[in-house]
Structure formats: C-alpha cells, structure tokens
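Side-chain atoms are counted along with the backbone in the values below, which use heavy atoms only and exclude waters and symmetry mates.
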Amino acid sequence: ADADAVFDELNAASVAPQQQSTVALLRAKAALEVGDVTKAVTVLEAGLEVNDQSAALHRALGLALERAGATERAYAELARTFELDPADAPSGRRAVDLALGLAADAADEGQRQLWNERALEAAELLVAADASPRHQALAGEAAFAASRFESAANALGLALEGQPDDTRLAYLLGRSLAEMGDDEKALAVLTEAVSHRPDAELAGRIHRQVGKIQARGLELEAAVRSFTLAGDEKTAHMIQEIGAGFGEALEARRDLVGKIAQLRAMELELESLNDAEGVTAMRERAAAFQQELDALEQNLDEVREALRDL
C-alpha cells in the first residue's frame, strides 16, 4: 500500500512519458511479485495509453497477459515489442511460439491456418533481423505448419547448415521435400537423419515418412520394412496384402500388353495381304484386350492413390 501511494504521487507529478513508463513497469513488477496479475495488466495498459511506443511496456504487458492465460493478446503485445525493438529477439521468438501454440489448439482449420500464418510472419521478421540457424529453424517450422513447403525447405536447409545434427529439423525438411514432390531428395535427407540415431519417437516418425515415400513409388517391399521399423505393423501388413494383389496385376498387365502387341503385328501382316476381314478381326480382339488393360490401369491408379494417403 505504501509503495502504491508513492507510485501514485509519481504519476500525479509532471514527469516525462519515459519516466511514467518506468513507474508503470515498477508498479507492474510489484504487483506480479505478490501474484496480482490483473493489477499488473491494468497498470501496464494505462502506461501504454501515455507511451504506446515503449517496447519495454509492450513486452511486460505481453508476459503478464501470457501469465494470465490471455494468449492471443500476449502474442499481439510481444509481436509489437519486436516490431518496436528488433534487437529484442527473445520477444520475437516468444511471439512465434505462442502463435504456433494457438494454431495447434485451434478449433477449426481456418483458425489453425490463420495462426500458422501469423507465426510465419513473425518468424520471417526474426530472420530479417538476424538470420541465425535458430531463427531459420523457427521460420522453417512455421512455414511447414502453414503448408508453405518451399519456404519451409529453404529455411530448414539453411538451419541445418548451422545445426547439422538436428534430426528434428531434418525430419521436417524431408517431409517438406516430399510434399513438394521431390521424393529422391526427401529420402536422402531422411535416411541421413535416421543415421544420427534420433530418439525412438522421432525415429519412428522418420521411418514412417520413408515408408510413405517408398509406397508412393511402388517400392512395396521396402515400404513394408520401413513401416515395420516404425512399429506400424498394421500398415506394413496392409501394404503386404496390396503388394500381393499388385504383383498379380502387374503380371496381368504385362500379359495384356504382349497380346495387344502380337495382334497389332498380325493386323499389319494381314493388311499387307489385303485381308480386310482378318484385319477387322485382329482390331476387334486388340480392342477387347485394350479395354481390359484400361480397366487394369485404372485399378492400379486406385492402388497408387490408396498408397498415397497412408
């Protein structure tokens, strides 16, 4: 109470905005020390009404709001802090972390994407101020969460140059490359990552991603091994079953292609003999086999699509 009286006298005095900001920071600190977060927030908000350009006040308010559970407002204050003071990297990083957390907890896809985009914007500002591997990693993580896979791959690649043993970053890079359709590079990155012996949980995620890529490429035996290493016996068994049917389908396809080629050759030979009736017969038989082949190819496409969604 005595301290409050002193602060009130200072506030009532004719002092410069910077000095009033200092008083507000001291009052907020005193309130937080006794667990009065609500008062701290009120004091800091009042201070910002006088001096909205104070990075220190925005930072203190952001941290107090986070402590109060007002995460969205905390993000806004910390993002504003970094905007006012780009040297305050901890505030910028915390803003990114809060936005990613809000995205993860979002109730719908629209809100999830909104907060992931905000995280990416904040992370890109961090990189612009200091392109350290730590900040590139944050930008890569935020870009991946926002489904900006090319941006994610670029940032994660730069981050890995400074943190080559970070298997989590390598996993995210591998997934980004796979989403971009560059399965060859993705497999190389993921294979290298797993050689660094990550923890069991991350190793399982890496093996699973490798298995997905292998399955999409119809390397089914390799995919079965990868899913088994990931501890996903159910998916491994499913791929084995698909593989059995797929092998039969491939054999049937080869047989049909061969028959069609033979009929086309016979058609040309009969045509050279001016055997119109024979040519028509060969064409009809070839057309029938072609219909079977088209149906088979359609079934194989369905298999590829099913494997794509593993």
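- Note that the OG1 atom of T280 and the CG atom of D275 stand 8.5 Å from one another [nearest 0.5 Å].
- Contact check for L48 versus L44: no side-chain heavy atoms found under the 4.5 Å cut-off.
- Taking CD from Q111 and CG from D105, the interatomic distance works out to 12.0 Å, rounded to the nearest 0.5 Å.
- For R285, the CZ atom counts as loosely surrounded, since its 6.0 Å shell holds 12 or fewer non-hydrogen atoms of other residues, nucleotides or ligands.
- Counting only residues at least two apart or in different chains, side-chain hydrogen bond (donor to acceptor under 3.5 Å, both in side chains) contacts with residues 144-160 comprise E117-R148.
- In M266, the CE atom is not crowded: 12 or fewer heavy atoms of neighbouring residues, nucleotides or ligands sit closer than 6.0 Å.
- Remark: D52 pairs with R80 by the salt bridge (charged side-chain N to carboxylate O under 4.0 Å, His left out) rule, at least two apart or across chains.
- Grouped by direct or indirect side-chain proximity (heavy atoms under 4.5 Å, Ile/Leu/Val/Met/Phe/Trp/Tyr only), V34 sits alone.
- The nearest pair of heavy atoms linking G162 to P164 is C-CD, 3.4 Å.
- Through direct or relayed side-chain contacts under 4.5 Å between Ile, Leu, Val, Met, Phe, Trp and Tyr, L229 connects to no other residue.
- Remark: D183 pairs with R216 by the salt bridge (charged side-chain N to carboxylate O under 4.0 Å, His left out) rule, at least two apart or across chains.
- Within the model, atoms CG of L120 and CD of Q113 stand 9.5 Å from one another, a figure rounded to the nearest 0.5 Å.
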Using the side-chain hydrogen bond (donor to acceptor under 3.5 Å, both in side chains) rule, take D294 and Q298 through it: C-alpha gap first, then chi angles, then the decisive distance, then the call.
CA-CA 6 Å; D294 290 343; Q298 185 175 356; over 6 Å; no
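- With sequence neighbours excluded, the residues satisfying salt bridge (charged side-chain N to carboxylate O under 4.0 Å, His left out) with R264 are E267.
- At a threshold of 4.5 Å between side-chain heavy atoms, the hydrophobic network of Ile, Leu, Val, Met, Phe, Trp and Tyr places I213 and I239 in two separate groups.
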Could you give me the CA-CA distance, side-chain angles and deciding distance for L78 and H58, then say whether side chain to side chain contact (heavy atoms under 4.5 Å, CB included) is met?
CA-CA 7 Å; L78 291 171; H58 281 288; over 6 Å; no
Show the numbers, then the answer: is there a side chain to side chain contact (heavy atoms under 4.5 Å, CB included) between V23 and Q19?
CA-CA 6 Å; V23 171; Q19 292 173 304; 5.6 Å; no
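- Within the structure, ring-ring contact (aromatic ring centres under 6.0 Å, His included) pairs that include any residue of residues 148-169 comprise F144-F149 (at least two apart or interchain).
- The neighbour count for E277 CD, taken as heavy atoms of other residues, nucleotides or ligands under 6.0 Å away, does not exceed 12.
- Cluster partners of V127: none. The rule joins Ile, Leu, Val, Met, Phe, Trp and Tyr whenever side-chain heavy atoms lie under 4.5 Å apart, and it links nothing here.
- Cluster annotation: L25 and L32 are assigned to the same hydrophobic cluster (Ile/Leu/Val/Met/Phe/Trp/Tyr, side-chain heavy-atom contacts under 4.5 Å, transitive).
- We find the CD-OG distance between Q163 and S132 to be 8.0 Å, quoted to the nearest 0.5 Å.
- Of the N and O atoms on the side chains of T81 and D88, not one donor lies less than 3.5 Å from an acceptor on the other residue.
- Contacts classified as salt bridge (charged side-chain N to carboxylate O under 4.0 Å, His left out) and involving residues 204-215 (residues at least two apart or in different chains) are given here: E201-R205, R208-D232.
- Hydrophobic clustering places L160 together with L187 (ILVMFWY residues linked when any side-chain heavy atoms are closer than 4.5 Å, directly or through intermediates).
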Could you give me the CA-CA distance, side-chain angles and deciding distance for H196 and E192, then say whether side chain to side chain contact (heavy atoms under 4.5 Å, CB included) is met?
CA-CA 7 Å; H196 289 285; E192 173 67 18; 3.0 Å; yes
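- Using a distance-only test at 3.5 Å, with no hydrogens or angles considered, a donor-acceptor pair links the side chain of S272 to the main chain of E269.
- Rounding to the nearest 0.5 Å gives a distance of 11.0 Å between CD of Q262 and CE of M282.
- Shortest non-hydrogen contact noted between P86 and A129 is O-CB, 4.0 Å.
- Of all non-hydrogen atoms in V189 and G174, the two that sit nearest each other are CG1-N, 4.0 Å.
- Atom-to-atom distance recorded for K259:NZ and D255:CG is 4.5 Å, nearest 0.5 angstrom.
- Note on L98: it does not cluster hydrophobically with V41, by side-chain heavy-atom contacts below 4.5 Å among ILVMFWY residues.
- The shortest distance between side-chain heavy atoms of T71 and E66 does not fall below 4.5 Å.
- Atom CD of E184 is surrounded by 12 or fewer heavy atoms from other residues, nucleotides or ligands within 6.0 Å.
- The minimum heavy-atom distance linking A95 with A79 is given by the pair CB-N, 3.9 Å.
- In terms of heavy-atom proximity, P198 sits nearest to A193 at CD-O, 3.7 Å.
- Within the 3.5 Å criterion, the main-chain N or O of L177 finds no donor-acceptor partner in the side chain of D182.
- Listed for the N116 side chain is a donor-acceptor partner under 3.5 Å among the backbone atoms of R112.
- A donor-acceptor distance shorter than 3.5 angstrom exists from the side chain of H135 to the backbone of D130, with no hydrogens or angles considered.
- Within a 6.0 Å radius of CD in E233, other residues, nucleotides and ligands contribute more than 12 heavy atoms.
- Residue pairs meeting the ring-ring contact (aromatic ring centres under 6.0 Å, His included) criterion with at least one member in residues 199-237, sequence neighbours excluded, do not occur.
- Side-chain contact between M238 and K234 is absent, with no heavy-atom pair separated by less than 4.5 Å.
- Side-chain heavy atoms closer than 4.5 Å link hydrophobic residues (I, L, V, M, F, W, Y) into clusters, and following such links, possibly through other members, connects Y171 to V210.
- Under a 3.5 Å cut-off, the side chain of Q20 and the backbone N or O of V50 do not form any donor-acceptor pair.
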Worked check of side chain to side chain contact (heavy atoms under 4.5 Å, CB included) between L202 and I206:
CA-CA 6 Å; L202 181 55; I206 293 173; 4.1 Å; yes
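- Considering every non-hydrogen atom in both L190 and A170, the closest pair reads CD2-O, 4.2 Å.
- Residues forming a salt bridge (charged side-chain N to carboxylate O under 4.0 Å, His left out) with R73 (at least two apart in sequence, or on another chain): E45.
- Its side chain within the 4.5 Å cluster rule, F82 clusters with V96, L100, L125, L126, L138 among the Ile, Leu, Val, Met, Phe, Trp and Tyr residues.
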